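A quick write-up on the structure given underneath.
Only a predicted model underlies this, so the values are computations on that prediction, with no experimental measurement involved.
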Amino acid sequence: MSDRLLSVTEAARVAGVAPVVVRQWCQRGLLRAVKVPRQGEPAWRIDPDDLAAWLARREQTTMMPGHAARRHPWYAAGDWAGRRSWLAW
């Protein structure tokens with residue numbers, strides 16, 4: 001365990017996602033984190049070692065063959081180009 005814990009914003013920067021996503025990971029118990037009391041809503045603090053290990057495990061599972069096709073039916077159907085215009089809307 002590292003001496004310095006990361007804030008949600010710092011962890012989000014490392015993970016390349018928005019802070020709200022890191023908060024959701026913590027709330028759902030997907031990412032090991034500590035709740036620190038503060039006025040208003042409690043803050044989350046994440047150990048950098050735990051974050052690195054979790055991101056490595058996540059990358060391994062998302063890089064499995066066929067994984068993208070299971071998560072995104074448009075890829076499997078070969079219809080992704082037609083959906084781009086819908087996403088831009």
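- Between the side chain of Trp54 and the main chain of Arg32, no donor-acceptor pair closer than 3.5 Å is present.
- Residues Ala33 and Cys26 approach most closely at CB-SG, 3.5 Å, considering heavy atoms.
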Any chance you could lay out the side-chain contact (heavy atoms from CB on, under 4.5 Å) test for Glu10 and Val14, step after step, and finish with the verdict? CA-CA 6 Å; Glu10 293 168 333; Val14 170; 5.8 Å; no
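- Follow the hydrophobic side-chain contacts under 4.5 Å out from Leu30 and you reach Leu6 in the same cluster.
- Using a 4.5 Å cut-off between side-chain heavy atoms of Ile, Leu, Val, Met, Phe, Trp and Tyr, with links allowed through other members, Val21 and Leu31 fall into the same hydrophobic cluster.
- A continuous path of ILVMFWY side-chain contacts below 4.5 Å connects Leu55 to Val17, so both sit in one hydrophobic cluster.
- For the atom pair CZ of Arg45 and CG of Asp50, the computed distance is 15.0 Å after rounding to the nearest 0.5 Å.
- One distance of note links CZ of Arg23 with CD1 of Ile46; it measures 9.5 Å at 0.5 Å rounding.
- Hydrophobic clustering (side-chain heavy atoms under 4.5 Å, transitive across Ile, Leu, Val, Met, Phe, Trp, Tyr) keeps Val36 apart from Val22.
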